[in-house]
Amino acid sequence: MKRFLETLMAVKSTAALVLSGEIVLLALARMLLGYDAVPIAYLWQALALCLIVASAHFVFFSTALLPKMRPAHRLLLFGAVMLLVLAAFAYAFTWFPLGNPWAWLLFLVVALVALGLVWGAFHIYSRITGQKYSQHLTAYQSKHIR
């Protein structure tokens with residue numbers, strides 16, 4: 001039960017971060033396009049999307065469910081699934097004219113850039129935490145292992 005609650009809290013925290021980012025980006029995009037508000041329906045879509053992203057994040061980046069998968073493979077699989085989820089949302093909620101191939105191309109470019117930014121952030125975070133843990137390990141070894 002404790003493990004389940006810890007997992008639930010991790011998914012909730014990720015969902016909150018994703019939702020915050022989504023709403024800020026959505027509001028910024030709408031402001032740049034000349035709108036003065038974000039419709040409530042968009043906020044519900046953002047909430048549903050962030051819950052899916054947070055759950056997928058747990059599935060693909062937790063060693064509990066995919067213990068032997070390499071990080072690069074996890075990232076590629078996560079990206080592919082997210083691209084499909086975004087395309088499904090775009091289609092279901094008519095985010096742009098669905099019959100326009102240029103709109104789909106622009107959607108694909110924006111989605112791939114966004115996924116690339118996520119990959120870059122993940123890579124930077126991994127490097128920083130990896131260096132931090134290496135420093136802690138070195139300090140521990142110098143104190144306790146002679």
Side-chain angles (χ1 to χ4, degrees), residues 1-140:
M1 183 67 168
K2 181 181 175 188
R3 178 105 167 116
F4 172 75
L5 291 174
E6 288 172 349
T7 301
L8 190 61
M9 291 304 290
V11 169
K12 178 201 66 80
S13 297
T14 303
L17 287 172
V18 171
L19 181 61
S20 299
E22 276 184 74
I23 289 174
V24 167
L25 290 175
L26 181 59
L28 182 62
R30 298 223 7 122
M31 181 183 72
L32 291 173
L33 293 172
Y35 297 100
D36 61 351
V38 176
I40 293 293
Y42 286 14
L43 298 177
W44 284 113
Q45 292 170 31
L47 178 62
L49 188 58
C50 83
L51 291 173
I52 292 169
V53 169
S55 299
H57 184 270
F58 173 74
V59 168
F60 291 108
F61 297 108
S62 166
T63 55
L65 297 176
L66 301 170
K68 297 184 186 206
M69 186 177 282
R70 297 177 62 168
H73 294 150
R74 288 174 191 268
L75 205 52
L76 286 173
L77 190 56
F78 176 77
V81 168
M82 286 300 96
L83 194 57
L84 289 173
V85 167
L86 288 170
F89 266 70
Y91 182 81
F93 298 113
T94 322
W95 285 354
F96 49 82
L98 300 177
N100 183 348
W102 292 109
W104 279 103
L105 181 63
L106 181 61
F107 166 78
L108 181 63
V109 168
V110 169
L112 289 175
V113 166
L115 289 171
L117 290 173
V118 168
W119 176 83
F122 179 75
H123 183 68
I124 290 169
Y125 173 78
S126 296
R127 279 186 173 252
I128 291 170
T129 56
Q131 290 171 354
K132 181 178 82 172
Y133 289 129
S134 292
Q135 291 171 350
H136 288 303
L137 180 60
T138 303
Y140 176 83

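None of the values given here were measured: they were computed from a predicted structure. Numbers here are sequence positions counted from 1. The figures here come from the full heavy-atom set of this structure, side chains too, leaving out hydrogens, waters and symmetry mates.
Residues Met69 and Arg74 come closest through the heavy atom pair O-NE, 3.1 Å. The minimum heavy-atom distance linking Leu98 with Trp104 is given by the pair O-NE1, 2.8 Å. Summarising the geometry of Ala103 relative to Pro97, their closest heavy-atom pair is CB-O, 3.8 Å, with the distance given to 0.1 Å. Closest non-hydrogen pair, Pro39 versus Ala37, comes out as CD-O, 3.8 Å.
Annotation: Phe96, atom CZ; neighbour count of heavy atoms from other residues, nucleotides and ligands within 6.0 Å is above 12.
In this view, Leu28 and Met31, Leu32 satisfy the side-chain contact (heavy atoms from CB on, under 4.5 Å) rule, not counting sequence neighbours. Residues satisfying the side-chain contact (heavy atoms from CB on, under 4.5 Å) criterion with Leu86, sequence neighbours excluded, are Leu49, Trp95, Phe107, Ala111.
Here the CG atom belonging to Leu76 is positioned 10.5 Å from the CZ atom belonging to Arg70, to the nearest 0.5 angstrom. Distance check: Ile52 CD1 to His57 NE2 gives 15.5 Å after rounding to the nearest 0.5 Å. Annotation: the span from Leu108 atom CG to Leu112 atom CG amounts to 4.5 Å, rounded to 0.5 Å. Summarising the geometry, atom NZ belonging to Lys68 is positioned 15.5 Å from atom NE2 belonging to His73; distances are rounded to the nearest 0.5 Å.
The ring pair (Phe, Tyr, Trp, His ring centres under 6.0 Å) analysis of residues 17-55, with sequence neighbours excluded, yields no pairs.
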